[in-house]
*Asks:* 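Structure below; questions to follow.
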Amino acid sequence: MKKNIVVLMLGLMVTTLAFSQRGEKEHHQPNPELKKEMQSYIEKNVVPVLQTSQDEFDAGLSAEDLAFVQAKRAEVANKRAEKKANHEAHRVERKAMKEKVKNMTDQEKEAFRKEQMKKKKGEKHGEFKAERKAMKAEMKEFIKRNEALTKSTMTSLKPNYE
């Protein structure tokens, strides 16, 4: 019993020592050359396979379902562009907020933090959640209607996952 406690304490001390010596964690910046290489690989090897598979999938759909899928793809692309624009605006806003918080007392900081949390949980979050839920329901119906085609497409793509 005493031996187990000693081993446990020793393990905790070693772990604490190891973590305390690792220092400040630097922000990870990807290697630009590797990033370019990965992008070119994806464009050369992944995109053509996905595009071919998407074309085959689209060919198997009814006219109504094809229109539905194309509308959803456009909707997702618009949401992605909107999210990207919002992200940039949010970065600028956060930078300004950091400057503002620097000159605050601890009590002001705490009040400001609580205010921001309330704001964050506000109307936008519920709106996005409702939109996501509605889209999910629409997609479930679509997938149910085209279950065989969806399964065959996923099966044909399986060897390319790795």
Side-chain angles (χ1 to χ4, degrees), residues 15-16 18-102 109-110 112-162:
T15 305
T16 305
F19 278 107
S20 67
Q21 290 180 354
R22 76 178 177 176
E24 286 293 315
K25 190 174 186 179
E26 291 183 27
H27 182 69
H28 174 68
Q29 291 293 328
N31 183 336
E33 292 172 16
L34 290 177
K35 190 174 181 179
K36 284 180 185 177
E37 188 177 322
M38 182 63 116
Q39 285 174 336
S40 80
Y41 174 84
I42 289 171
E43 286 180 24
K44 181 180 170 189
N45 299 315
V46 177
V47 172
V49 172
L50 291 176
Q51 188 62 52
T52 303
S53 181
Q54 181 178 320
D55 292 343
E56 290 171 5
F57 181 79
D58 289 353
L61 293 174
S62 67
E64 183 182 313
D65 283 340
L66 181 60
F68 172 79
V69 166
Q70 288 172 338
K72 288 299 170 192
R73 287 176 185 153
E75 187 179 323
V76 167
N78 289 337
K79 290 276 183 201
R80 190 177 296 126
E82 182 182 320
K83 189 175 180 178
K84 191 174 182 178
N86 286 343
H87 180 71
E88 188 58 38
H90 185 69
R91 268 189 54 226
V92 171
E93 186 180 309
R94 292 285 297 174
K95 196 172 186 177
M97 210 182 301
K98 272 187 175 182
E99 289 299 317
K100 182 179 177 182
V101 170
K102 273 185 183 178
K109 285 179 185 178
E110 185 61 27
F112 182 73
R113 188 185 67 76
K114 285 181 181 179
E115 179 187 325
Q116 291 300 313
M117 291 299 286
K118 283 181 186 177
K119 186 177 170 184
K120 191 175 186 179
K121 289 184 178 183
E123 66 217 34
K124 284 273 187 190
H125 182 69
E127 186 180 310
F128 289 136
K129 198 172 183 178
E131 285 177 16
R132 238 188 348 254
K133 192 173 183 178
M135 186 174 204
K136 215 175 187 181
E138 290 174 339
M139 291 307 296
K140 272 187 178 181
E141 291 175 24
F142 169 80
I143 290 171
K144 195 179 270 186
R145 281 193 311 266
N146 298 289
E147 189 172 357
L149 182 60
T150 305
K151 281 185 179 179
S152 69
T153 302
M154 295 303 288
T155 304
S156 69
L157 284 172
K158 197 164 191 149
N160 298 307
Y161 284 158
E162 286 184 28

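Predicted, not measured: the structure shown is a model, and the values here were computed from it.
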*Asks:* Could you state the interatomic distance from NZ (K95) to CZ (R91), rounded to the nearest 0.5 Å?
*Replies:* 7.5 Å

*Asks:* Any chance you could lay out the salt bridge (charged side-chain N to carboxylate O under 4.0 Å, His left out) test for K151 and E147, step after step, and finish with the verdict?
*Replies:* CA-CA 6 Å; K151 281 185 179 179; E147 189 172 357; 3.4 Å; yes

*Asks:* Just how far is it from atom CG of L50 to atom CZ of F57, taken to the nearest 0.5 Å?
*Replies:* 13.0 Å

*Asks:* Between D65 and K72, does at least one N-O distance fall below 4.0 Å, as a salt bridge requires?
*Replies:* no

*Asks:* Below 4.0 angstrom, N of the basic side chain to O of the carboxylate: do K144 and E141 qualify?
*Replies:* no

*Asks:* Going by the rule salt bridge (charged side-chain N to carboxylate O under 4.0 Å, His left out), which residues pair with K79 if we only count those two or more places apart in sequence or in a different chain?
*Replies:* E131

*Asks:* Quick one: CZ on R145 to CG on L61, what's the gap to the nearest 0.5 Å?
*Replies:* 9.5 Å

*Asks:* Given the rule in the side chain to side chain contact (heavy atoms under 4.5 Å, CB included) test, do F68 and N146 qualify, once you have shown the distances and angles that lead to the verdict?
*Replies:* CA-CA 12 Å; F68 172 79; N146 298 289; over 6 Å; no

*Asks:* Is it the case that atom CE in M97 sees more than 12 heavy atoms from other parts of the structure closer than 6.0 Å?
*Replies:* yes

*Asks:* For M139, does the CE atom sit with more than 12 other heavy atoms under 6.0 Å from it, leaving out its own atoms?
*Replies:* yes

*Asks:* Can you tell me how far the CG atom of N86 sits from the NZ atom of K84, to the nearest 0.5 Å?
*Replies:* 13.0 Å

*Asks:* Starting at OG of S152, measure out to CD of E56 and round the result to the nearest 0.5 Å.
*Replies:* 9.0 Å

*Asks:* Sort and list the pairs that fulfil side-chain hydrogen bond (donor to acceptor under 3.5 Å, both in side chains) and have at least one residue in residues 42-54, not counting sequence neighbours.
*Replies:* Q51-D55

*Asks:* Measuring from atom CD of E64 to atom CZ of F142, what distance do you get when rounded to the nearest 0.5 angstrom?
*Replies:* 10.5 Å

*Asks:* Are more than 12 heavy atoms, taken from residues, nucleotides or ligands other than K109, located less than 6.0 Å from that residue's NZ atom?
*Replies:* yes

*Asks:* So does E33 pair up with K36, basic N to acidic O under 4.0 Å?
*Replies:* no

*Asks:* Within the 4.5 Å heavy-atom criterion, are E37 and N31 side-chain neighbours or not?
*Replies:* no

*Asks:* For E75, does the CD atom sit with more than 12 other heavy atoms under 6.0 Å from it, leaving out its own atoms?
*Replies:* yes

